[in-house]
Amino acid sequence: MPELPEVETVCRGIAPHVDGQEIQKLIVRNSRLRWPVKRSIAKQLAGLTIENVTRRGKYLLLNTSCGSIVIHLGMSGKISIVPMDTPIRKHDHIDLIFTTKICLRFNDPRRFGAFLWIEADPLQHPLLSNLGPEPLSASFSGKYLFEQAKTCKRAIKSFIMDGKIVVGVGNIYATESLFAAGIHPNRSCNRVTLAECNELVKEIKRILRKAIKVGGTTLKDFLSSEGKPGYFSQKLKVYGRAGEPCLQCKSALVSMQVGQRTTVLCEQCQR
DNA sequence: TTAATCACCTGAGGGC
DNA sequence: TGCCCTCAGGTGATTA
């Protein structure tokens, strides 16, 4: 399931293949993604050149001179760079074919992903304009998190997974970061101190950087654009380990629901 | 205004 | 072996 490190890995993986490429055509085999893919955009895209590939939160932006293709991988989305005559597999919904006969292929079994064409500054689009800071940027600090959290009564885990607060922190990294910071995921935001916010932000940044370095986390669904798995799952300390001993205190890790998401925690180490 | 819940969707895994 | 059921999860929309 792609989170920020996975999307960053894909972004870095596809950029060398698509930067400067001229779009020949768009093939939409299945338009039923999170939002219907308008087949009419194929005419608009033909002839445009991808100037660069960037990322905002979990959105990939393929930027051209007159707009951007915005891709979200959802829960199970994968992007691969393949020769255009590569056989179609199940769930290969979209092909973006370049004049060099290279194809950017979007595969998404669960179809929670998105493929949009935005004819303006994508960062002003409603989907992206309200997003919080990038977690690895200087603007995401302990002080920022504390200021946002101090008047809020939500569970801290739901809070740091809210894209309006900070982008790109999904269930896996929120779970791991809260364990590393020793904070119970169900604690109300307004009961988290500035010192704890500093520690939590430090851990979020550390864990995300580490995950990016090894290419993301492979659980059931994620492979990079080159088909390689990420290796961060081998470093997870709590996620997916309910019932197993805590690596710090040896007591059994427990599983609970926070904001309709499964969370694993150590009740001894997280308060 | 804020927070919680719902809906979307399919593959994996377990039970029978 | 095959069928059925449950679970997993990101995020916008809806509801309380």
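- Remark: A/Glu147 does not engage A/Lys143 in a salt bridge, criterion side-chain N to carboxylate O under 4.0 Å.
- Taking the nucleotide of DNA chain C with the nearest heavy atom to each of A/Leu127 and A/Ser255, the more 5' of the two is matched to A/Ser255.
- One finds no salt bridge joining A/Glu176 and A/Lys210 here, because no Lys/Arg side-chain nitrogen approaches an Asp/Glu carboxylate oxygen to under 4.0 Å.
- What you find for A/Cys66 and A/Leu48 is that their closest heavy atoms are SG-CD2, 3.4 Å.
- In this structure, A/Leu128 places its CG atom 14 Å from C1' of C/dG10, rounding to the nearest Å.
- Of all the heavy atoms in A/Lys205 and A/Pro135, the pair that sits closest is NZ-O, 3.1 Å.
- Taking atom CD1 of residue A/Ile71 and atom C1' of nucleotide C/dG10, one finds them 17 Å apart after rounding to whole Å.
- Within the structure, a side-chain polar atom (N or O) of A/His91 is placed less than 4.0 Å from OP1 or OP2 of B/dG11.
- Of the candidate nucleotides C/dG9, C/dT11, C/dA8, C/dG9 has the atom nearest to the side chain of A/Asn171.
- A/Lys164 has its NZ atom 9 Å from the C1' atom of C/dT11, to the nearest Å.
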Going 5' to 3' through nucleotides 3-9 of chain B, assign each nucleotide B (protein heavy atom under 4.0 Å from a base atom), S (under 4.0 Å only from sugar-phosphate atoms) or - (no protein heavy atom that close).
SSBB-BB

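- Residue A/Thr262 places at least one side-chain N or O closer than 4.0 Å to OP1 or OP2 of C/dG9.
- OP1 or OP2 of B/dG11 has at least one side-chain nitrogen or oxygen of A/Lys90 nearer than 4.0 Å.
- Distance A/Trp35 CH2 to C/dT11 P: 9 Å, rounded to the nearest Å.
- As a whole-Å value, the separation of A/Asp162 CG from C/dG10 P is 13 Å.
- In this structure, CD1 of A/Ile160 is placed 14 Å from P of C/dT11, rounded to the nearest angstrom.
- Without hydrogens or angle criteria, A/Gln24 side chain to A/Lys101 main chain gives no donor-acceptor distance under 3.5 Å.
- Both A/Val192 and A/Val166 are assigned to one and the same hydrophobic cluster, defined by single-linkage of ILVMFWY side chains at heavy-atom distances under 4.5 Å.
- Each of C/dG10, B/dG11, C/dG12 was ranked by its minimum atom distance to the side chain of A/Tyr59; first place goes to C/dG12.
- Between A/His72 and A/Tyr59, the ring-plane angle classifies as perpendicular under the 30° and 60° cut-offs.
- Residue A/Met75 contributes atom CE, which lies 15 Å from atom P of C/dC7 at whole-angstrom precision.
- If you take CG of A/Asn130 and P of B/dT2, they are 13 Å apart, rounded to a whole angstrom.
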